Amino acid sequence: MPDDFVYAGLDIGGTNIKYGLVDQKGKVLLKDQRPTMAGKGAEPLLHLVTNISERLLFHAAEEDYEVKWLGVGTPGSVDSRTGKVIGLSPNIDGWQGMEIGRILSERLNMPVLVENDVNAMALAEFRFGAAIGYQSIVCVALGTGVGGGVIIDGKLWRGANHSAGELGHVSINPDGPECRCGSRGCIETYCSSLAMIERTKTILTHGLSPIFEEILDGTLENLTIRKLFKAVKKGDEIAREVIEETAAYLGTGLAGIVNLLNPDIVVLGGGIAEAGGGFIEAVTAEIRKRAFVSATEHLRIARATLGNDAGFIGAAILGEAVR
Ligand SMILES: [Zn+2]
C-alpha cells in the first residue's frame, strides 16, 4: 500500500454531517462539517451527501492522495453488504430503505461502504482511540439517544440481521417509561440527555435551587444537558442526584452486558460521557458492584478519545474492517 493512501469518511448525524480525510496512522488530514438539514427529507440529504463526498474526493485528488473507498456512517441499522439502511432513522424522513451504498458508489465510481454510526465510532476507538490494543470492546454513545457498538475478538459484531449493539434498548425496568422502540424502561429512557433533562425538570418544577436559579436565569425552560453538568460542578445537590441516578441506571444495564460479553474495555463517548462531573466514575462503580468479579477483574472503563471525529474516522476505515 503506498504511503500516500488515505481514508475518506462521512458521518451523517441528526444535526451535522461530519467528514474528513485520515492518514494510515489515524491523523486527521482534513475535516469539516455541514448541517444535515434532516427535515428536508431523504432525497435532498442524499444530494448533500453526494456533494460532500465529491468535494472530499476532489480535495484528496488535489493533494495527490489515493483514496480506495469511501466510508459512510448513518443512524439506523445498515445492511453493510449492500449499504442499505434497514432500520428506522429517527429525524430523517424516508431514510429507511435508502440504498446509500449502491447509489453513491454508482455516482462516485468507487466502492462505498456504509455502517451504523455508533458501530463506526466503535471501530475508530478500537483502531485509533481509547481501545487501542484491546480485542473485545463495548462502545457506548451517550447523546440525545443511547447507541452502542460491539467488537468481539477484533471484529465488529453485526449480528444475524445487522441489528447488534443496540444497547440503548436493553430494558432495565419492565414497567419503566415508554421507549420510542416500543418497549419500556430501556437504558435510553433513563440515560439519554433528553431523559436526564426531563427528570431534572420534573424535580425542579417544585422550585429552583439557588444554583439552578442562577444558571437558568430563573427559567426552567433554559435547562440543557450542559447546564445540568454546570450545576453539578457548582455543587448543586439535585443535579448531582440526577447524574448519580443516571450513572446507576447505565451501570446496571452495562453490568449485564459485561457479564454477557466479558469485554476488555467499555468505552463511553458522547457529550454526557465527556462532561465530567464524576459520571464515568459512578458508572464504573455501579458496574463493578453488580457484575461478576471474574468479568470485571481486568475490565477497563474509559472515556472515548476521538470525540466528534470518531464517526467519520470509523466510517473511513470500514474497508479494512470488512476485509
Ligand atoms: Zn427502547
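Keep in mind the model is a prediction, meaning the values are calculated, not measured.
Side-chain atoms of T36 come within 3.5 Å of backbone atoms of G13 as a donor-acceptor pair (strictly under, hydrogens ignored). Using modelled atom types, no side-chain atom of D264 and backbone atom of Y134 make a donor-acceptor pair closer than 3.5 Å. Using modelled atom types, one side-chain atom of E188 and one backbone atom of V146 make a donor-acceptor pair closer than 3.5 Å. Listed for the T219 side chain is no donor-acceptor partner under 3.5 Å among the backbone atoms of N222. The backbone N or O of A131 lies less than 3.5 Å from no partner atom in the side chain of E125, so there is not a single donor-acceptor pair. A donor-acceptor pair is defined here as one N or O able to donate and one able to accept, closer than 3.5 Å; such a pair exists between the side chain of Q24 and the backbone of F5. A side-chain donor-acceptor contact under 3.5 Å links T305 to the backbone of A130. At least one donor-acceptor pair closer than 3.5 Å links the side chain of T189 to the backbone N or O of C186.
For E66 and K68, the salt-bridge test passes: some basic side-chain N is under 4.0 Å from an acidic carboxylate O. We find that D79 and R81 are joined by a salt bridge, their nearest charged nitrogen and carboxylate oxygen being less than 4.0 Å apart.
When every heavy atom of E320 is checked against every heavy atom of W69, the shortest pair comes out as N-CZ2, 3.6 Å. Smallest separation of non-hydrogen atoms from G76 and N116: O-ND2, 2.9 Å. The two residues G97 and K84 come nearest to each other via the heavy atoms O-CE, 3.6 Å. In terms of heavy-atom proximity, P263 sits nearest to L299 at O-CD1, 3.4 Å. Contact record, G143 with I272: O-CD1, 4.1 Å, taken as the closest heavy-atom pair. The nearest pair of heavy atoms linking A291 to T296 is CB-CG2, 3.6 Å.
The local environment of NZ in K40 is sparse, with at most 12 non-hydrogen atoms from other residues, nucleotides or ligands closer than 6.0 Å. Atom NZ of K201 has more than 12 heavy atoms from other residues, nucleotides or ligands within 6.0 Å.
For the residue pair S209/D236, the side-chain donor-acceptor check at 3.5 Å is satisfied. Looking at R290 and T252, their side chains do bring a donor and an acceptor atom within 3.5 Å of each other. There is no side-chain donor-acceptor pair under 3.5 Å between S171 and R184.
With sequence neighbours excluded, the residues that form a ring-ring contact (aromatic ring centres under 6.0 Å, His included) with Y249 are Y190.
R300 has its side chain out of reach of V266: every pair of non-hydrogen atoms, C-beta onward, lies at least 4.5 Å apart. Between I287 and I301, some side-chain heavy-atom pair lies under the 4.5 Å cut-off. Counting heavy atoms from C-beta on, the side chains of I211 and K230 never come closer than 4.5 Å. In this structure, the side chains of T205 and L220 come closer than 4.5 Å at one or more pairs of heavy atoms. Residues L123 and I313 are not in side-chain contact: their nearest non-hydrogen atoms beyond the backbone lie 4.5 Å or more apart. Using a 4.5 Å heavy-atom cutoff, the side chains of C179 and H169 are in contact. Residues S53 and L10 have side chains in contact (heavy-atom distance under 4.5 Å, counting atoms from C-beta outward). At a threshold of 4.5 Å between non-hydrogen side-chain atoms, the residues I17 and L48 count as touching.
When each of D117, V118, V85 is checked for a side-chain contact (heavy atoms from CB on, under 4.5 Å) with P75, only D117 meets the rule.
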Q: Show the numbers, then the answer: is there a side-chain hydrogen bond (donor to acceptor under 3.5 Å, both in side chains) between R199 and T246?
A: CA-CA 10 Å; R199 277 211 315 285; T246 307; 2.7 Å; yes
Q: Let me see the working for F212 and T200 under side chain to side chain contact (heavy atoms under 4.5 Å, CB included), right down to the final yes or no.
A: CA-CA 11 Å; F212 269 118; T200 313; 4.0 Å; yes
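For the pair K31 and F312, the NZ or CZ position fails the cation-pi test of under 6.0 Å to the six-membered ring centre and within 45 degrees of the ring normal.
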